[in-house]
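Before any comments, here is the structure.
Order of appearance sets the numbers: ligands from 1, and atoms from 1 within every ligand. None of these values were measured; they are calculated from a predicted model.
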Amino acid sequence: MTAVQPKPTSVGETFDSLSPATDEVVGTYPIHTAEDVKAAVERARVAAEWWAGLGFAGRAERLKGWKGVLTRRLPQLCQVVRDETGKPIADAQLESVLAIEHIAWAGKHARKVLGKQKRSAGLLMSNQAATVEYQPLGVVGVIGPWNYPVFTPLGSIAYALAAGNAVVFKPSEYTPGVGKWLVDAFAEIVPEQPVLQLVTGFGETGAALVSSGVDKIAFTGSTATGKRIMASAAETLTPVVIEAGGKDPVLVDADADLDAAADATVWGAFSNSGQTCIGVERVYVHEKVHDEFVAKVVEKSKDVRAGSDEAAQYGPVTMPSQLAVIRRHIQDALARGGKAVLGGEDAVGDRYAQPTVLVDVPEESEAVTEETFGPTVTIAKVRDMDEAVERANSTKYGLGSTVFSKSRGVELAEKLRTGMTAINAPLSFAGIASLPFGGVGDSGFGRIHGPEGLREFARTKAIARQRFTAPLTLTSFSRKESTDALVAKLVTILHGKR
Ligand SMILES: NC(=O)c1ccc[n+]([C@@H]2O[C@H](COP(=O)([O-])OP(=O)(O)OC[C@H]3O[C@@H](n4cnc5c(N)ncnc54)[C@H](O)[C@@H]3O)[C@@H](O)[C@H]2O)c1
C-alpha cells in the first residue's frame, strides 16, 4: 500500500503543500496569523482607495493585462494546478480558460452594470431626479477551496476587483501554490499597490479573515465551514456570499438523446474524480429508457480510469479523508439493497477511486442524501418526470442540475429547486460568464458571475436630487390642506380604478 497524503499540519510557522499523486513536497508556505491577516486588510484599505480611483476604464485595462499574463503562461499555471491537485493538464486548462473568460467579462461589463443608472421618480415625485449607483465595498475577503483552485476563487476575485474592491485571498491549504501564482501574476500588472493579497494557512487563517473587519466575505467550500463562517460573520454583521456543496441531479426524459445523456453523466460524475461542486451525483431516468440508459453509462464508463499517467481521465482524490467518505457512501448504499453495476467498495483505493455506478439505491441512503464528492453516481428509475422532479428536489442542497429532454427541457428546468440548470448538455451554465452562479438551501446563497456577481461586491447607493420646487410640496409641515386633497384625488385617478 502506498502512503496516503496527510493533511498538512502546522509545523512552526510554515506548512508544506504536497502532491496528492506522489506525496512529494511541492511548496512551503507561511501560516499567517490573525495579526498577519489584520495587517494585510489594513494595507488593502489603502490599496482599495487607489484602485477605486482608477475608475472602470483604468481597472478594466489592468484586468485585461492580468488576463493576458494568465493566457500567455497557461502551461505554467496548469502545471502548478496539476502539482497540487493531481488533475490532468487538460482539466487544469479547462478551469483556467473558463476563469480567464470571467476576468474578461467582469472587466468589460463592470461600467455598464455598476455605472450610474437613472430611475423613474414617479408622478408624485416628478420634481426629483432619481439615480442608483453601485459603489465599491472596500476590502473583500475571498476564501477558496482546492477542487478548482483557479476557476472557483476567480469567480469571486475577478468580480470583486472589477467592482473596485481590494481583495485579500485565502486559498485552500491544499492549493496555496496556485493562489500564490495568481496573486503574483496580478502584482506584475498592478505593482503600485497591494490590491490583491494572499494569506495562506489553515482554517484558523480563514477564520481570522472573517473577523478582520473586511467589508464582505466570499466563501466557497463545504456547507459545514460555510455555517461556521456565517456564525462568526454575524458578530460583526459582515455580509457573506456562501458557495457551498451540492448533490446535483440529472433528469433523463423518455424522449432524451440517451447517448448524450449517458456521456454527460459519465463526464459529470467522474471528471476531476467527482470533486466538483456541480458534479453529477444522482440521476433520475424515465422507466421507459432506464435499462438502456444504465447500459450506456456502464459501457461509456469502461474506459474511464483514475491514475496519474497521461492516459488516465482523472487523477487522485486530493483530500485523503474524502476516500473514507466515498467508501462509506458506497457501503451504506449496498447495505441498504443497492447494487453496483460498475465499481463498488473495492474501487476506492488509498489514493485513487475508480468509477462506481450504483442502482436501486434507497433515497434515504447517504449516497443520495449527502455530498459524496467522489467518482460515484446513483441512477434511479422513475414512473414519470413529475416523480423525477420531486425526487431531485427532495434534498437539502440546491446548486446545479441538468435535464435531458427533447420536448420538456425548459418546463422541467423551471421546476428544479437549484440555482442553475443545464438542458441537453452537462453543466453548461458554468461556462457562460454572463450567467449568475450560486445555490439555494445548504448549497448557500448569493451569486457570483455575471451582472449579479458584480453587484454582489458593490454597495447600492440611491440618490434623489430635487430639480425644482414642486407645485405640491408633500414633505413639509407647512403644506396646505388643498395639497392633501389634490394628492388624494391624484392617487384615486392613478390607482383607484376597479
Ligand atoms: N458552490 C460552489 O461554487 C463550490 C465550488 C467549489 C467547491 N465547493 C465545495 O467546496 C467543498 C470542498 O472544498 P474544501 O474541502 O476546500 O472545503 P472546506 O470548507 O474544507 O474549506 C474551504 C476553505 O475554507 C477554509 N476554512 C476552513 N475552516 C474555516 C473557518 N472556520 N473559517 C474560515 N475559513 C475556513 C479552508 O482553509 C479553505 O480555504 C465541497 O463541499 C464543494 O462542493 C463549492
Side-chain angles (χ1 to χ4, degrees), residues 7-8 10 15 17 20 29 31-32 34 37 84-85 95 98-99 102 141-156 159 168-176 178-179 198-212 214 217-233 235 238 240-248 272-281 317-322 325-326 370-374 396-400 418-420 427 429-430 435-449 453 456:
K7 184 178 165 68
S10 236
F15 68 103
S17 171
Y29 298 89
I31 299 170
H32 286 116
V37 172
E84 289 194 320
T85 64
E95 70 160 300
L98 293 178
H102 279 294
V142 174
I143 301 175
W146 47 266
N147 59 335
Y148 288 90
V150 180
F151 176 73
T152 296
L154 284 183
S156 295
Y159 291 82
V168 178
F169 172 34
K170 151 64 181 95
S172 166
E173 51 271 45
Y174 290 93
T175 52
V178 179
L198 183 81
V199 291
T200 50
F202 301 88
E204 294 76 16
T205 306
L209 185 55
V210 176
S211 47
S212 65
V214 290
I217 284 287
F219 166 76
T220 310
S222 63
T223 304
T225 307
K227 287 179 183 173
R228 277 198 288 276
I229 286 178
M230 202 172 161
S232 156
E235 295 293 323
T238 303
V240 291
V241 186
I242 305 280
E243 296 290 344
K247 191 76 196 167
D248 287 8
N272 208 35
S273 198
Q275 305 167 120
T276 305
C277 55
I278 47 170
V280 174
E281 299 222 353
V317 169
T318 308
M319 209 167 63
S321 57
Q322 202 60 28
V325 175
I326 301 167
E370 298 296 327
E371 184 181 48
T372 305
F373 225 51
K396 57 190 177 184
Y397 297 106
L399 193 54
T418 58
M420 298 87 56
L427 324 184
F429 48 77
L435 278 180
F437 187 100
V440 301
D442 269 17
S443 294
F445 56 85
R447 293 292 180 265
I448 56 172
H449 303 176
E456 194 70 65

Atom indices of ligand 1, in the order listed, that fall short of 4.0 Å to a heavy atom of [X]:
X	value
N147	6 (C), 7 (C)
G206	32 (N), 33 (C), 34 (N)
A207	32 (N), 33 (C), 34 (N)
W146	13 (O), 14 (P), 15 (O), 16 (O)
E173	36 (C), 37 (O), 38 (C), 39 (O)
L399	1 (N)
P145	6 (C), 7 (C), 13 (O), 16 (O)
A244	1 (N), 2 (C), 4 (C), 44 (C)

Smallest separation among heavy atoms of [X] and [Y], with atom names:
X	Y	value
V214	L209	CG2-O, 3.7 Å
V37	S212	CG1-CB, 4.1 Å
G444	A244	N-CB, 4.4 Å

Please verify whether a non-hydrogen atom of [X] lies at under 4.0 Å from ligand 1.
X	value
S172	yes
P171	yes
F202	yes
F219	yes
G144	yes

What is the closest protein heavy atom to [atom], and at what distance does it sit?
atom	answer
atom 3 (O) of ligand 1	F437 CE2, 3.2 Å
atom 35 (C) of ligand 1	T225 CG2, 3.6 Å
atom 25 (C) of ligand 1	I143 CG2, 3.7 Å
atom 8 (N) of ligand 1	C277 CB, 3.5 Å
atom 30 (C) of ligand 1	G203 O, 3.7 Å
atom 31 (N) of ligand 1	R228 NE, 4.0 Å

If we ignore angles and hydrogens, is there a donor and acceptor under 3.5 Å between the side chains of [X] and [Y]?
X	Y	value
T372	K247	yes
H102	Y159	yes
E84	S17	yes

Practice item. For residues W146 and F151, establish whether the separation of their ring centroids is below 6.0 Å. Key: no
Exercise for review: With heavy atoms only and a cut-off of under 4.0 Å, state how I448 meets ligand 1: side chain, backbone, both or neither.
Suggested key: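 Neither; nothing of I448 gets under 4.0 Å from ligand 1.
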Practice item. Quick one: look at E371 and ligand 1, take heavy-atom pairs under 4.0 Å, and tell me if it's side chain, backbone, both or neither. Key: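 Side chain only.
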Would you indicate whether the side-chain heavy atoms of [Y] and [X] approach each other to under 4.5 Å?
X	Y	answer
T238	V210	no
F219	T225	yes
F202	I31	yes
T223	D442	yes

Review point. Mind checking whether S222 has an N or O less than 3.5 Å away from an N or O of ligand 1?
Key: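 By distance alone, the answer is yes.
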Practice item. Kindly confirm or rule out an N or O of K170 lying under 3.5 angstrom from an N or O of ligand 1. Key: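 There is such a contact, yes.
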Review point. Is the backbone N or O of V150 less than 3.5 Å from a side-chain atom of E95, with the two atoms forming a donor-acceptor pair by type?
Key: yes
Practice item. Please confirm whether the backbone N or O of E281 pairs with a side-chain atom of D248, one donor and one acceptor, at under 3.5 Å? Key: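 Here the side-chain-to-backbone pair does not exist.
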Review point. Hey, is atom 21 (O) of ligand 1 touched by any protein heavy atom at less than 4.0 Å?
Key: no
Review point. Can you check side-chain contact (heavy atoms from CB on, under 4.5 Å) on V317 and Q275, steps first, answer last?
Key: CA-CA 8 Å; V317 169; Q275 305 167 120; 3.8 Å; yes
Exercise for review: Determine, for E243 against R447, whether the closest basic-nitrogen to carboxylate-oxygen distance falls under 4.0 angstrom.
Suggested key: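 Looking at E243 and R447, the cut-off is not met.
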Point to revise | G221, S321, G439: member with heavy atom nearest to atom 9 (C) of ligand 1 | key: G221
